[in-house]
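In listed order, ligands and their atoms are each counted from 1.
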Amino acid sequence: MAEKMLQFTKVSRAMPAKRPPVERASDFGEIYAGYTPEAAEAQASRCSQCGVPFCQQGCPLQNNIPDWLKLAAEGRMEEAWRVSSATNNMPEICGRICPQDRLCEGICTIEQSGHGTVTIGSIEKHITDTAWAEGWVQPIKPMRERAQSAGIIGAGPAGLAAAEQLRRKGYQVTVYDAYDRGGGLLIYGIPGFKLEKDVVERRIKWLEDSGITFRFNTRIGVDRSLSELRAEHDTVLIATGVYAAKDLKCPGSGADGVFAALEYLTASNRVGLGDVVEEYESGALNAAGKRIVVIGGGDTAMDCVRTAIRQGAKSVTCVYRRDRANMPGSQREVQNAEEEGVVFEWLANPESILDTKAGKVKAVRASRMKLGEPDASGRQAPVKTGETFDLKADMVIKALGFDPEDLPALFNEPALTVNRWGAVRIDYATMMTSLPGVYAAGDIVRGASLVVWAIKDGRDAAEAMHKAMKAADAAAKVAAE
Ligand code: FAD
Ligand code: SF4
Ligand code: SF4
């Protein structure tokens, strides 16, 4: 082990510099700067190179974290990048947006000893940002081209990871997406202050340069059918994510000025990408000068409140029915939101949306809650205290989560089996759906989850698709002899 390592008693944990709240609230740039090379090396040297690296167990991709930390500490960044990118298709993206406090960093051994976790995500970001800057990331050149082809439905992280893995093996890969750009929620869901869009666009361009074909503005089930894709390709992957917004079930929820979170975030991201968005131009989806109430306590809600701040809202309040300790969103994001001026109404549940005679939203009436007995999920269930209060609002954003769309109906494939929530069922040993040769990965299988899990699923599906195509190819050759 290099003497460089085990420095956690001498070198304090230091995240990259965070821009001051007033400055960052006025634009959509990322809030964290990058490390300098010296700082990245020093932070990596804090790792104690555990014999049993818990951090690796906490990473869904089982990244070889201690190995690339050691290489980074020794200034061997290109080797660090090679190790890091061997198990992760988008390390610079995961380094930015994984909730590390719940994954790799949450169980870092030196955190348990009170020294503060190794800043794994920020170092991972530094390694791959350096690789891009130095020109080490070159387009894929497969060892050999194969005639077999894969059709991938969805250009989100699950579809993109699968596309890359298959292309590396020499398959002809076409990715179909309903949107006009690739990236899925990376491009239109997650705001720029967490993940700047050129980081995503750079990946898509690199995949194109690697020989992957993208067919945008193509909604499968509408513009092309699943059966056409199955006839055209040797294998098909469904990686369509989950987009049916859970609705607010209370009187007045249809009032003018009540919007779904993704409608709001997509409009904001499009504006940031230079598109003209009519609903933004008209002011309907622009928070400027308005009192905004966001309902929900997950990461989508955090992205909405912080977007509203940046659009120049008069006030932004987040209403959530449990308390801070029991919210599903990352604590780091709540802290960032508070710093930027968001007010949280914990233990508050919307009872009705009050509107004007013209049907325009004017307030949210909420019940004050307290935490009762644990429910089926093991979390304490919120129960009403009997007290209500009103929050004035010009715009209400519903951020209550997402369900899968009805894919058997959309794809006109009743034989595609889904679970009771509508997520596509797969055999986890083969990643295959009930339709032969059709696989599925990402949120459409798991329900709304995380980017890193979508990448993991995409990689697993690609491996299974490769095995099946290789076997089919071998069988065809035997038959032809
Ligand atoms: P998606 O990213 O949803 O991509 C699916 C793609 O399929 C889309 O491009 C869509 O247009 C396309 N598609 C859908 N239907 C069709 C069709 N019929 N035909 C053709 N194309 C179709 N995760 C994190 O790890 N960190 C975060 O900070 C984070 N923040 C988030 C913030 C928001 C606002 C949201 C909504 C989610 C966030 N997530 C975050 C979750 C993460 O974005 C998802 O888990 C991940 O993107 C899922 O990847 P996916 O490839 O399965 O689906
Ligand atoms: Fe941590 Fe995510 Fe990177 Fe894994 S992919 S090491 S969980 S930041
Ligand atoms: Fe290093 Fe922490 Fe992983 Fe141990 S758990 S190998 S200290 S990053």
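A salt bridge does not link Glu111 with Arg13: every distance from a Lys NZ or Arg NE/NH1/NH2 to an Asp or Glu carboxylate oxygen is 4.0 Å or more. We find that Glu74 and Lys70 are joined by a salt bridge, their nearest charged nitrogen and carboxylate oxygen being less than 4.0 Å apart. Electrostatic pairing of Asp299 and Lys194 does not count as a salt bridge here, judged by no charged N lying under 4.0 Å from a carboxylate O.
Distances between N or O atoms of Val451 and those of ligand 1 include at least one value under 3.5 Å. Taking any N or O of Val452, backbone or side chain, none lies under 3.5 Å from an N or O belonging to ligand 1. Residue Asp299 has no N or O atom closer than 3.5 Å to an N or O atom of ligand 1. For ligand 1, the polar-atom distance check finds an N/O of Ile97 within less than 3.5 Å of one of the ligand's N/O atoms. Between Pro157 and ligand 1, a contact under 3.5 Å exists for at least one N or O pair. When only interatomic distances are considered, the shortest N/O to N/O separation between Tyr243 and ligand 1 falls below 3.5 Å. Some N or O of Ala178 is nearer than 3.5 Å to an N or O of ligand 1, by distance alone. Ligand 1 has a nitrogen or oxygen under 3.5 angstrom from a nitrogen or oxygen of Leu185.
In this structure, Leu410 is part of the shell of residues with a heavy atom less than 4.0 angstrom from ligand 1. Contact annotation: Thr218 has at least one heavy atom less than 4.0 Å from an atom of ligand 1. Under a 4.0 Å heavy-atom criterion, Phe402 is in contact with ligand 1.
Between the side chains of Tyr171 and Thr235, no donor-acceptor pair is found at a separation under 3.5 Å. Between the side chains of Gln331 and Gln335, no donor-acceptor pair is found at a separation under 3.5 Å. At a cut-off of 3.5 Å, with distance as the only test, a side-chain donor of Asp180 or Tyr188 sits close to an acceptor on the other residue. Asp223 and Thr218 form no side-chain donor-acceptor contact under 3.5 Å, judged by distance and modelled atom types alone.
Listed for the Ser113 side chain is a donor-acceptor partner under 3.5 Å among the backbone atoms of Ile110. Put simply, the side chain of Asn419 gets close to the backbone of Trp421: a donor and an acceptor are under 3.5 Å apart. No side-chain donor-acceptor contact under 3.5 Å links Glu41 to the backbone of Ala39. Between the side chain of Ser434 and the backbone N or O of Ala415, at least one donor-acceptor pair lies under 3.5 Å.
Under the 6.0 Å distance and 45° angle rule, Arg310 counts as a cation-pi partner of Phe193. For the pair Arg96 and Tyr32, the cation-pi test (distance below 6.0 Å, angle within 45°) is failed.
In Asp303, the part holding a heavy atom less than 4.0 Å from any atom of ligand 1 is the side chain. For Ile153, every heavy-atom contact with ligand 1 shorter than 4.0 Å involves the side chain, none the backbone. The proximity of Cys98 to ligand 2, defined as any non-hydrogen pair under 4.0 Å, is limited to the side chain. Only the side chain of Ala454 comes within 4.0 Å of ligand 1, judged by heavy-atom distances.
Legend: residues meeting side chain to side chain donor-acceptor pair (under 3.5 Å) with Gln148, ordered by chain and number and at least two apart, are absent. In this structure Arg168 satisfies the salt bridge (charged side-chain N to carboxylate O under 4.0 Å, His left out) test together with Glu164, sequence neighbours excluded. The ring pair (Phe, Tyr, Trp, His ring centres under 6.0 Å) search around Phe411 returns none, not counting sequence neighbours.
Of all protein N/O/S atoms, those lying under 2.8 Å from atom 2 (Fe) of ligand 3 come to 1.
Applying the 4.0 Å criterion to heavy atoms of Gly154 picks out, from ligand 1, the atoms 6 (C), 7 (O), 12 (C). Heavy-atom contacts of Asn88 reach the following atoms of ligand 2: 5 (S) (cutoff under 4.0 Å). Atom numbering of ligand 1 starts at 1 in the shown order; those under 4.0 Å from a heavy atom of Gly442 are 52 (O). Taking every non-hydrogen atom of Leu69 and a distance limit under 4.0 Å, the qualifying atoms of ligand 3 come out as 8 (S). Contact atoms of ligand 1 toward Ala158: 51 (O), 52 (O) (distance under 4.0 Å to a heavy atom of the residue). Close approach of ligand 2 to Val452 (heavy-atom distance below 4.0 Å) involves ligand atoms 5 (S). Of all atoms in ligand 2, numbered sequentially from 1 with element shown, those under 4.0 Å from a heavy atom of Asn63 are 3 (Fe), 4 (Fe), 5 (S), 6 (S). The ligand atoms of ligand 1 that sit less than 4.0 angstrom from a heavy atom of Gly184 are 2 (O), 4 (O), 8 (C), 9 (O). Residue Leu103 approaches ligand 2 through these ligand atoms, each under 4.0 Å from one of its heavy atoms: 7 (S).
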Candidate pair Glu78 and Arg82, rule salt bridge (charged side-chain N to carboxylate O under 4.0 Å, His left out), full reasoning: CA-CA 6 Å; Glu78 183 168 357; Arg82 291 201 186 280; 2.8 Å; yes
Walk me through whether Asp101 and Glu105 qualify under side-chain contact (heavy atoms from CB on, under 4.5 Å). CA-CA 5 Å; Asp101 51 346; Glu105 294 179 14; 5.9 Å; no
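Cys59 SG, 2.4 Å is the protein heavy atom nearest to atom 4 (Fe) of ligand 2. The single protein non-hydrogen atom nearest to atom 53 (O) of ligand 1 is Gly241 CA, 3.5 Å, given as residue, atom name and distance. Of all protein heavy atoms, the one lying nearest to atom 1 (Fe) of ligand 2 is Cys104 SG, 2.4 Å.
The nearest non-hydrogen atom to atom 39 (N) of ligand 1, considering only Ala155, Ser449, Gly189, comes from Ser449. Residue nearest to atom 3 (Fe) of ligand 2, selected from Glu124, Gln62, Lys456: Glu124 (by heavy-atom distance). The nearest non-hydrogen atom to atom 38 (C) of ligand 1, considering only Asp177, Ile190, Leu186, Val175, comes from Ile190.
Between Ile127 and Ala72, the shortest heavy-atom contact is CD1-CB, 4.2 Å. In terms of heavy-atom proximity, Lys197 sits nearest to Leu186 at NZ-O, 2.8 Å.
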